[in-house]
Amino acid sequence: MAKQDRNIPLVDFGKYLEGEQEDKDKIAQEIFKACTQYGFVYISGCENLINSSSSMFDLAHKFFNQTEEEKKKVARGSQHDDVMGYVFVGGESLSNSDIDGQTTPSQKKTDLKETWSMYQDTSKFPNRFPDNIPGFEKKSYGIF
């Protein structure tokens with residue numbers, strides 16, 4: 001049996017974030033190869049992305065720790081095309097189909113999560129951001 005290479009591959013993701021399409025394709029292939037052959041991959045060159053994500057988690061924590069009244073100031077609308085913003089616990093339902101694939105309103109169970117969502121293309125959907133958390137909107141667009 002041939003000796004296996006036990007070194008987990010290291011991929012520089014910075015080239016993906018700032019490179020041309022050819023660079024992105026190469027990085028994607030490297031990650032795919034590492035995951036399929038080793039099951040693991042070390043990623044470097046994305047420290048700024050990690051720091052941005054970390055600070056966005058801090059802002060999200062501030063948002064979700066507000067009162068329900070404060071969060072509902074940026075609640076999504078009730079129209080089909082007004083889907084961005086805050087959704088409170090119980091604001092959505094889960095579909096629970098029976099054997100025949102039919103779902104009745106009495107079968108729908110309450111969704112127990114709360115969420116806030118946005119869309120990058122604001123011409124399609126209006127976004128709602130809390131105005132009492134400095135940097136929330138800018139950071140949201142920055143990591144999108």
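Note that the coordinates shown come from a computational prediction; the quantities given were computed from them, not determined experimentally.
L59 and P134 get closest at one heavy-atom pair: CD2-O, 3.7 Å. Taking both residues in full, the closest heavy atoms of P130 and F136 are given as CD-CD2, 3.4 Å, listed atom of the first, atom of the second, then distance. Scanning both residues, M56 and S140, for their nearest heavy atoms gives CE-OG, 3.4 Å. Among all heavy-atom pairs drawn from V41 and C35, the shortest one is CG1-SG, 4.2 Å. Between Y16 and I27, the closest heavy-atom pair is CB-CG2, 3.9 Å.
Side chain to side chain, N7 and Y38 fail the donor-acceptor criterion of an N or O pair below 3.5 Å. Residues Q21 and D25 bring a donor and an acceptor atom of their side chains to less than 3.5 Å of each other.
With K71 contributing its side chain and Y86 its backbone, the two residues share no donor-acceptor pair below 3.5 Å. Here the side chain of N127 pairs a donor or acceptor atom with the backbone of Y119 at under 3.5 angstrom.
By the 6.0 Å contact criterion, NZ on K24 is enclosed, its count of non-hydrogen atoms from other residues, nucleotides or ligands being greater than 12. Enclosure of atom OH in Y42 is not indicated, since only 12 or fewer non-hydrogen atoms of other residues, nucleotides or ligands lie within 6.0 angstrom.
Note that OG of S117 and CZ of R128 are 9.5 Å apart. Values are rounded to the nearest 0.5 Å. Taking CD of Q66 as the start and CG of N132 as the end, the distance is 4.5 Å to the nearest 0.5 Å. Remark: D23 CG to D12 CG distance equals 10.0 Å, nearest 0.5 Å. The distance from atom NZ of K73 to atom OG1 of T67, rounded to the nearest 0.5 Å, is 7.5 Å.
Residues Y141 and W116 share a single hydrophobic cluster, defined by chaining ILVMFWY side chains whose heavy atoms lie under 4.5 Å apart. Placement of F64 and I133 within a single hydrophobic cluster is found when ILVMFWY residues are connected by side-chain heavy-atom separations under 4.5 Å, directly or transitively. Residues M84 and V87 do not share a hydrophobic cluster, clusters being chains of Ile/Leu/Val/Met/Phe/Trp/Tyr side chains in contact below 4.5 Å.
In this structure, F63 has its ring center at least 6.0 angstrom away from the ring center of F129.
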Q. What's the verdict on side-chain contact (heavy atoms from CB on, under 4.5 Å) for L10 and I43, showing C-alpha distance, side-chain angles and the deciding distance?
A. CA-CA 6 Å; L10 172 65; I43 303 286; over 6 Å; no

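Between V89 and E68, the closest side-chain pair of non-hydrogen atoms is not below 4.5 Å. Between K33 and Q29, the closest side-chain pair of non-hydrogen atoms is not below 4.5 Å.
In this structure, K72 is positioned above the aromatic face of F88, its NZ or CZ under 6.0 Å from the six-membered ring centre and within 45° of the axis.
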